[in-house]
Trainee: 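One structure follows; several queries about it will come next.
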Amino acid sequence: MATGTTARYDGLADWYDARYVAGAEPHQPGLLELVGPGSGPCLDIGCGTGRNFETIRASGRSVVGLDFSADQLRLARTRTDGPLMVADAAVLPFADASFDTAMVMWISTDVDDFTKVVQEATRVLRPDGVLVVYGVHPCFNGPHVLWNEDGSRLVHPSYRQGGWPEESPYWGDGIRRHVGMHHVPLATYLNAFLTPALTLERFEEPDPVGVPYSLAVRARRSS
C-alpha cells in the first residue's frame, strides 16, 4: 500500500505472500473480536494479498478490498470473488457514508499521511459505522527499533523522527528492507483519531505475550 504515484509493493507480492500470509493463522490476534459481528460490505483498506478476508467473512460481513498495488491484488483475487480495486487510501473512490464497516490494516508505515487515511476511512462510514485500525505499534516496531533474539527491543533516539528514514544497518531482510517504513510517532498516531466524527471505543495491543509489535483501535462513526 502507498499514497502517491508509486506502488512500492508491486513486484513483491509473491515474496510478501509466501513470507507473511501463506500458512499463517486464519485470524490475526484479536482482530475478529475487535471487529465484532456485523453484516454488509466491509471495506478492507490496504488489503494486500487478502490475509484478512477470512476474518471479515467470519464476522458476518462481505469483502470489499482496496490496495494501491495491483500486484498484491492479483493474489488477493485468489481469496475472494468480491470487489477489489486499486486506489489511494488517502483519496478513497467512494461517496460519503458508503460502508457500515471499514478496516485500515497495517498501512500506517506505508503512507505519507496517516491522519488523512483515517479521515478518509471515517468519511466513507455511515453513522454508527465501525472503524478498526490495526497495524504497527509506533513505540516497539519501526525503523527506530532493533529486535533482539531474546524478544526484547532496543529503541533508538530516532523514535522522535517521523517520516521516511534512511536505511539502517539493523533492519534485517524483512519488509522494511524492501519498501522502507514511514514512522509515525505515538502522539501523531493517536491524534489522528481525535475528531468529533469518531467515538473511540477500544485500544488494544493484541499480541498475546512479550513486547507488543502491533496496536489496534476500534472506533465508531458519530451520528
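A quick note: this is a predicted structure, and the numbers were derived from the prediction, not measured. Scope of the values below: all heavy atoms of this structure, side chains included, with no hydrogens, waters or symmetry mates.
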Trainee: Considering only distance and modelled atom types, tabulate donor-acceptor pairs under 3.5 Å from the side chains of residues 186-193, sequence neighbours left out.
Mentor:
unit_1, atom_1, unit_2, atom_2, d
Asn191, ND2, Ala187, O, 3.1

Trainee: Tell me whether Val132 shares a hydrophobic cluster with Tyr213, the cluster being built from Ile, Leu, Val, Met, Phe, Trp, Tyr side chains joined at under 4.5 Å.
Mentor: yes
Trainee: Where is the tightest heavy-atom contact between Ser59 and Gly36, given as atom of each residue plus distance?
Mentor: CB-O, 3.5 Å
Trainee: I need the His183 NE2 to Asn141 CG distance, nearest 0.5 Å.
Mentor: 10.5 Å
Trainee: Stepwise, does the side chain to side chain contact (heavy atoms under 4.5 Å, CB included) test hold for Leu12 with Val179?
Mentor: CA-CA 9 Å; Leu12 294 172; Val179 300; 3.4 Å; yes
Trainee: Just how far is it from atom CD1 of Ile107 to atom CG of Leu66, taken to the nearest 0.5 Å?
Mentor: 8.5 Å
Trainee: Closest heavy-atom contact between Pro26 and Glu54?
Mentor: CB-OE2, 3.6 Å
Trainee: Kindly indicate whether the side chain of Met103, heavy atoms from C-beta on, has any atom under 4.5 Å from the side chain of Leu31.
Mentor: yes
Trainee: Please report the C-alpha distance between Val217 and Leu200 in whole Å, then the side-chain angles of each, then the deciding distance to 0.1 Å, and finally whether the side chain to side chain contact (heavy atoms under 4.5 Å, CB included) criterion is met.
Mentor: CA-CA 8 Å; Val217 181; Leu200 295 171; 4.0 Å; yes
Trainee: Quick one: does any side-chain atom of Asp71 pair with a main-chain N or O of Gly11 as donor and acceptor, under 3.5 Å?
Mentor: yes
Trainee: So Glu120 and Asp88, do their side chains get closer than 4.5 Å, heavy atoms only?
Mentor: no
Trainee: Taking atom types as modelled, find out whether Thr109 and His182 have a side-chain donor-acceptor pair closer than 3.5 angstrom.
Mentor: no
Trainee: Check for a donor-acceptor pair, side chain of Ser222 on one end and backbone N or O of Pro196 on the other, with a separation under 3.5 Å.
Mentor: yes
Trainee: Judged by modelled atom types alone, do Asp150 and Ser152 share a side-chain donor-acceptor pair under 3.5 Å?
Mentor: yes
Trainee: With a 4.5 Å cut-off on side-chain heavy atoms, are Val118 and Val104 touching?
Mentor: no
Trainee: How about Asn148: does its CG atom have over 12 heavy atoms from other parts shown lying under 6.0 Å from it?
Mentor: yes
Trainee: To the nearest 0.5 Å, what is the distance between CZ (Arg126) and OG (Ser223)?
Mentor: 14.0 Å
Trainee: Can Val63 be reached from Leu75 by stepping across I, L, V, M, F, W or Y side chains whose heavy atoms are under 4.5 Å apart?
Mentor: no
Trainee: By the definition side-chain hydrogen bond (donor to acceptor under 3.5 Å, both in side chains), identify the one residue from Arg57, Gln28, Arg79 that meets it with Asn52.
Mentor: Gln28
Trainee: State whether the side chain of Arg51 and the backbone N or O of Val21 hold a donor-acceptor pair below 3.5 Å, judged by distance alone.
Mentor: no
Trainee: Shortest non-hydrogen contact from Arg77 to Pro83?
Mentor: NH2-C, 4.4 Å
Trainee: Assigning hydrophobic clusters by single linkage (Ile, Leu, Val, Met, Phe, Trp, Tyr; side-chain heavy-atom cutoff under 4.5 Å), is Phe114 placed with Trp164?
Mentor: no
Trainee: Between Leu215 and Pro138, what is the shortest heavy-atom contact and its length?
Mentor: CD2-CD, 3.8 Å
Trainee: Could you state the interatomic distance from CZ (Arg220) to CG (Leu131), rounded to the nearest 0.5 Å?
Mentor: 11.0 Å
Trainee: Identify the residue among Ile45, Thr49, Leu43, Asp44 that makes a side chain to side chain contact (heavy atoms under 4.5 Å, CB included) with Cys47.
Mentor: Asp44
Trainee: Side-chain contact test, heavy atoms from C-beta onward, threshold under 4.5 Å: evaluate it for Trp15 versus Asp17 and give yes or no.
Mentor: no
Trainee: Hey, could you give me the CD1/NE2 distance between Ile56 and His27, rounded to the nearest 0.5 Å?
Mentor: 11.5 Å
Trainee: Would you call Arg221 and Asp128 a salt bridge, using N to O less than 4.0 angstrom?
Mentor: no
Trainee: Quick one: does His144's side chain get under 4.5 Å of Gln161's, heavy atoms only?
Mentor: no
Trainee: Between Tyr134 and Phe140, is there shared hydrophobic-cluster membership here, with clusters defined by ILVMFWY side-chain heavy atoms closer than 4.5 Å?
Mentor: no
Trainee: Please work out whether the ring planes of Tyr9 and Tyr16 are parallel, tilted or perpendicular, with thresholds of 30° and 60°.
Mentor: perpendicular
Trainee: So, for Ser69 and Asp10, which heavy atoms are closest and what is the spacing to 0.1 Å?
Mentor: OG-OD1, 2.5 Å
Trainee: Has the side chain of Asp113 got a donor or acceptor atom that lies under 3.5 Å from a matching backbone atom of Thr115?
Mentor: yes
Trainee: Looking only at side-chain N and O atoms, does Glu205 offer a donor or acceptor that is under 3.5 Å from a partner on His137?
Mentor: yes
Trainee: Show your working on side chain to side chain contact (heavy atoms under 4.5 Å, CB included) between Glu204 and Leu34 and close with a plain yes or no.
Mentor: CA-CA 9 Å; Glu204 297 283 351; Leu34 197 66; 3.9 Å; yes
Trainee: Should Arg74 and Asp14 count as an ion pair when the cut-off is N to O under 4.0 Å?
Mentor: yes
Trainee: Taking atom CG of Leu84 and atom CG of Leu73, what is their separation to the nearest 0.5 Å?
Mentor: 5.5 Å
Trainee: Would you say Val117 and Met85 are hydrophobically clustered, going by side-chain heavy atoms of ILVMFWY under 4.5 Å?
Mentor: yes
Trainee: Of all heavy-atom pairs between Pro212 and Arg153, which one has the smallest distance, and what is that distance?
Mentor: O-NH1, 3.5 Å
